[in-house]
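Step one of this worksheet: look at the structure below.
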Amino acid sequence: LPLFERLERRIVDGERNGLGEDLDEAMKSVPPLQIINETLLSGMKTVGELFGSGQMQLPFVLQSAEVMKTAVAHLEPHMEATDDSGKGRIVLATVKGDVHDIGKNLVDIILSNNGYEVVNLGIKQPIATILDAAQDKKADVIGMSGLLVKSTVVMKENLAELNAKGVAEQFPVLLGGAALTRSYVENDLTEVYDGEVHYARDAFEGLRLMDEIMT
Ligand code: B1M
């Protein structure tokens with residue numbers, strides 16, 4: 001297979017032998033972020049489709065996810081970071097009950113490389129922990145990720161909780177993850193939160209929104 005098809009195939013097949021060499025070869029012609037966006041994420045999309053239609057079993061999805069993570073870790077040191085730093089601080093977490101973190105970690109990478117300080121709390125984080133961290137670290141923004149449909153409900157509960165705690169004015173919220181939709185965020189979620197609620201379709205929109213929030 002040609003290089004980029006082979007790379008995409010590696011994600012789908014969960015095949016890491018020779019991955020580093022292929023990535024190094026790919027970086028000779030394409031910047032790392034573009035490799036992630038156009039090649040690796042396309043592989044993850046296929047994995048999602050195969051899993052969703054019952055053609056792929058969970059352990060293999062996990063293998064694909066591991067290869068994806070290894071690939072991103074390999075590419076990250078080669079990404080261009082901007083010189084500006086200290087643009088703002090975000091506490092980032094995958095919500096309670098949800099283990100998906102590839103997207104969240106990409107958001108971390110993109111924001112960190114573009115002047116933001118990211119406090120990445122990891123997966124399955126209850127809102128109390130997220131709020132504690134946000135207050136403790138004096139975050140400017142709270143970011144929540146979740147991929148399960150269930151997580152969209154958790155996000156709504158979380159926003160209601162933050163509102164009840166009276167911190168809505170203090171913390172604009174950035175939300176993302178495959179199960180969310182713009183209309184759900186803009187209609188159902190803004191309803192329960194007195195502060196700003198932003199929906200990011202992908203990590204780049206997350207960056208654009210952070211820039212918007214912080215100006
Ligand atoms: Co899961 N899983 N999974 N899974 N998994 C999905 C989400 C699913 C859609 C697959 C499917 O059925 N087609 C489905 C959810 C269905 C639903 O809720 N209706 C599903 C399921 C069912 C499950 C389990 C329940 C399976 C089971 O146990 N029977 C289980 C859940 C466990 C739990 O959470 N409690 C499970 C487990 C797993 C693995 C562990 C095997 C693995 C995750 C490994 C890991 O993350 N460390 C996994 C994977 C890999 C997937 C799919 C295939 C791929 C997800 C992914 O990494 N995508 C996924 C299918 C899919 O999403 N279509 C699926 C790539 C990633 C870069 O995209 O995270 O969307 P994403 O992030 C994007 C944007 O959304 C956005 O930016 C990112 C990049 O630009 N973004 C943000 C995300 N967060 C953001 C935050 C922001 C801003 C932007 O600001 C704060």
Side-chain angles (χ1 to χ4, degrees), residues 8 11-14 33-73 75-76 88-114 116 118-126 130 133-134 139-155 158-159 171-182 184-185 189 196-213:
E8 186 172 336
I11 300 293
V12 179
D13 295 343
L33 266 181
Q34 196 178 331
I35 300 175
I36 295 179
N37 276 330
E38 289 173 11
T39 306
L40 305 182
L41 285 184
S42 167
M44 282 312 287
K45 187 162 174 269
T46 305
V47 171
E49 285 160 6
L50 290 172
F51 179 58
S53 63
Q55 290 167 273
M56 190 177 200
Q57 300 303 310
L58 200 60
F60 297 98
V61 180
L62 193 55
Q63 263 180 39
S64 295
E66 290 304 323
V67 173
M68 177 76 193
K69 285 185 168 194
T70 308
V72 172
L75 295 171
E76 194 192 350
R89 188 177 298 134
I90 179 170
V91 161
L92 193 60
T94 300
V95 299
K96 185 181 71 180
D98 195 325
V99 304
H100 298 89
D101 66 354
I102 295 174
K104 167 183 68 64
N105 292 341
L106 274 179
V107 173
D108 181 348
I109 290 171
I110 304 288
L111 292 180
S112 304
N113 282 320
N114 284 281
Y116 288 99
V118 179
V119 181
N120 189 339
L121 301 178
I123 58 171
K124 297 203 268 184
Q125 294 298 316
I130 298 174
D140 300 296
V141 178
I142 290 177
M144 291 188 267
S145 176
L147 263 69
L148 302 171
V149 169
K150 196 177 73 179
S151 299
T152 64
V153 180
V154 173
M155 286 182 188
N158 286 355
L159 290 177
F171 295 118
V173 172
L174 181 66
L175 302 173
L180 281 178
T181 60
R182 189 172 303 280
Y184 177 73
V185 173
L189 297 188
E196 292 175 40
V197 185
H198 300 271
Y199 167 70
R201 199 177 56 86
D202 57 34
F204 291 100
E205 193 173 3
L207 172 61
R208 189 182 63 69
L209 287 167
M210 280 300 287
D211 288 345
E212 201 177 290
I213 294 168

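When a ligand or atom number is given, it counts from 1 through the structure's own listing order.
Within a 4.0 Å radius of atom 16 (C) of ligand 1, the protein contributes no non-hydrogen atoms. In this structure, atom 83 (C) of ligand 1 is in close contact with the protein, since a protein heavy atom lies within 4.0 Å of it. For atom 53 (C) of ligand 1, a protein heavy-atom neighbour is present inside the 4.0 Å cut-off. For atom 43 (C) of ligand 1, the nearest protein heavy atom lies under 4.0 Å away. Distance remark: protein heavy atom present below 4.0 angstrom from atom 88 (C) of ligand 1. Counting only heavy atoms, the protein never gets under 4.0 Å from atom 8 (C) of ligand 1.
Listed by chain and residue number, nothing satisfies the side chain to side chain donor-acceptor pair (under 3.5 Å) test with Asp140 (two or more places apart in sequence, or in another chain).
Under 4.0 Å from ligand 1, the heavy atoms of Leu106 that appear belong solely to its side chain. Contacts between Leu92 and ligand 1, counted as non-hydrogen atom pairs separated by less than 4.0 Å, involve the side chain only. Proximity of Leu180 to ligand 1, defined as any heavy-atom pair under 4.0 Å, is not found for any part of the residue. For Ala178, heavy-atom contacts with ligand 1 shorter than 4.0 Å involve the backbone as well as the side chain. Looking at Met144 against ligand 1, only its backbone comes within 4.0 Å, counting heavy atoms. At a heavy-atom distance under 4.0 Å, only side-chain atoms of Lys69, from C-beta outward, approach ligand 1. Residue contacts with ligand 1, taken as heavy atom pairs separated by less than 4.0 Å, involve Ile102 via backbone and side-chain atoms alike.
Within a 6.0 Å radius of NZ in Lys69, other residues, nucleotides and ligands contribute more than 12 heavy atoms.
Protein heavy atom nearest atom 80 (O) of ligand 1, with residue, atom name and distance: Ala203 N, 3.0 Å.
The heavy atom nearest to atom 46 (O) of ligand 1, out of those in Val72, Thr94, Asp101, Val95, is found in Asp101. Between the choices Asp98, Leu111, Leu174, the shortest heavy-atom distance to atom 91 (C) of ligand 1 belongs to Leu174. Considering each of Ala93, Gly97, Ser145, the one bringing a non-hydrogen atom nearest atom 33 (C) of ligand 1 is Gly97.
Between Leu175 and ligand 1, not a single N/O pair is under 3.5 Å apart.
The closest approach between Ala179 and ligand 1 stays at or above 4.0 Å for every heavy atom of the residue. At a 4.0 Å cut-off, at least one heavy atom of Gly52 sits close enough to ligand 1 to count as contact. The shell of residues lying under 4.0 angstrom from ligand 1, judged by heavy atoms, excludes Glu205.
Here the side chain of Ser64 pairs a donor or acceptor atom with the backbone of Val12 at under 3.5 angstrom.
If you check the side chains of Ser151 and Asp98, you find a donor sitting under 3.5 Å from an acceptor. Side-chain atoms of Asp211 and Tyr116 form a donor-acceptor pair, as typed in the model, at a separation below 3.5 Å.
A salt bridge between Lys45 and Glu8 is absent, with no side-chain N of the basic residue lying under 4.0 Å from a carboxylate O of the acidic one.
Nearest heavy atoms, Leu207 versus Leu111: CA-CD2, 3.6 Å.
Around atom 1 (Co) of ligand 1, the protein N, O or S atoms found under 2.8 Å comprise His100 NE2.
No side-chain heavy atom of Leu174 sits under 4.5 Å from any side-chain heavy atom of Ile142.
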